[in-house]
Student: 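Here it is: the structure, laid out below.
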Amino acid sequence: MIKSVVQVLVAERAAVGRDICSCNNTRFPFADGIRAVLGEQANIVVAVEDSQICYAARCTGDGATKGG
């Protein structure tokens with residue numbers, strides 16, 4: 001499947017972005033695997049363009065009526 005996708009992307013001279021969560025990038029080297037597979041199909045340059053940190057807020061119930 002990836003070979004077909006890469007052929008279209010190369011033919012269109014496309015730019016593609018992808019988002020890989022930190023867990024999948026540190027525990028499972030997804031980025032390295034994807035880079036290797038893409039490199040087998042075509043001359044593709046892969047670079048880290050940005051990184052993000054995601055936060056979660058957990059409401060404990062304390063002060064639930066505070067502020068209104």
Side-chain angles (χ1 to χ4, degrees):
M1 179 175 80
I2 197 159
K3 183 176 181 178
S4 298
V5 171
V6 170
Q7 287 174 342
V8 171
L9 297 175
V10 170
E12 296 294 325
R13 299 181 56 84
V16 178
R18 68 180 183 276
D19 183 15
I20 300 175
C21 74
S22 179
C23 176
N24 285 335
N25 214 23
T26 55
R27 291 183 59 200
F28 314 103
F30 281 11
D32 293 337
I34 292 170
R35 182 182 298 119
V37 169
L38 292 174
E40 292 172 358
Q41 302 300 319
N43 184 17
I44 296 175
V45 176
V46 178
V48 175
E49 295 295 329
D50 190 12
S51 63
Q52 296 177 339
I53 298 173
C54 298
Y55 297 89
R58 186 169 59 100
C59 300
T60 64
D62 298 341
T65 59
K66 190 175 184 178

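The basis for the numbers below is simple: all heavy atoms, side chains too, and nothing from hydrogens, waters or symmetry mates.
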Student: Does R27 CZ have over 12 foreign heavy atoms under 6.0 Å away?
Tutor: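 Counting other residues, nucleotides and ligands, CZ of R27 stays at 12 neighbours or fewer.
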Student: Shared ILVMFWY cluster between V10 and L38, side chains joined below 4.5 angstrom?
Tutor: yes
Student: About how many Å separate OG of S51 and CG of N25, when rounded to the nearest 0.5 Å?
Tutor: 10.5 Å
Student: If you round to the nearest 0.5 Å, how far is CD of Q41 from OG of S4?
Tutor: 9.0 Å
Student: side-chain contact (heavy atoms from CB on, under 4.5 Å), that's the test. Do I44 and L9 meet it? Break it down for me.
Tutor: CA-CA 10 Å; I44 296 175; L9 297 175; over 6 Å; no
Student: For the CD1 atom of I20 and the OG1 atom of T26, what is their distance to the nearest 0.5 Å?
Tutor: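 These two atoms lie 11.0 Å from each other.
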Student: Determine whether V5 and I34 fall in the same hydrophobic cluster, where Ile, Leu, Val, Met, Phe, Trp and Tyr are linked whenever their side-chain heavy atoms lie under 4.5 Å apart.
Tutor: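 Per the 4.5 Å side-chain linkage, V5 and I34 are not co-clustered.
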Student: Check whether any side-chain heavy atom of E40 sits under 4.5 Å from a side-chain heavy atom of V6, and report yes or no.
Tutor: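 Answer no - side chains too far apart.
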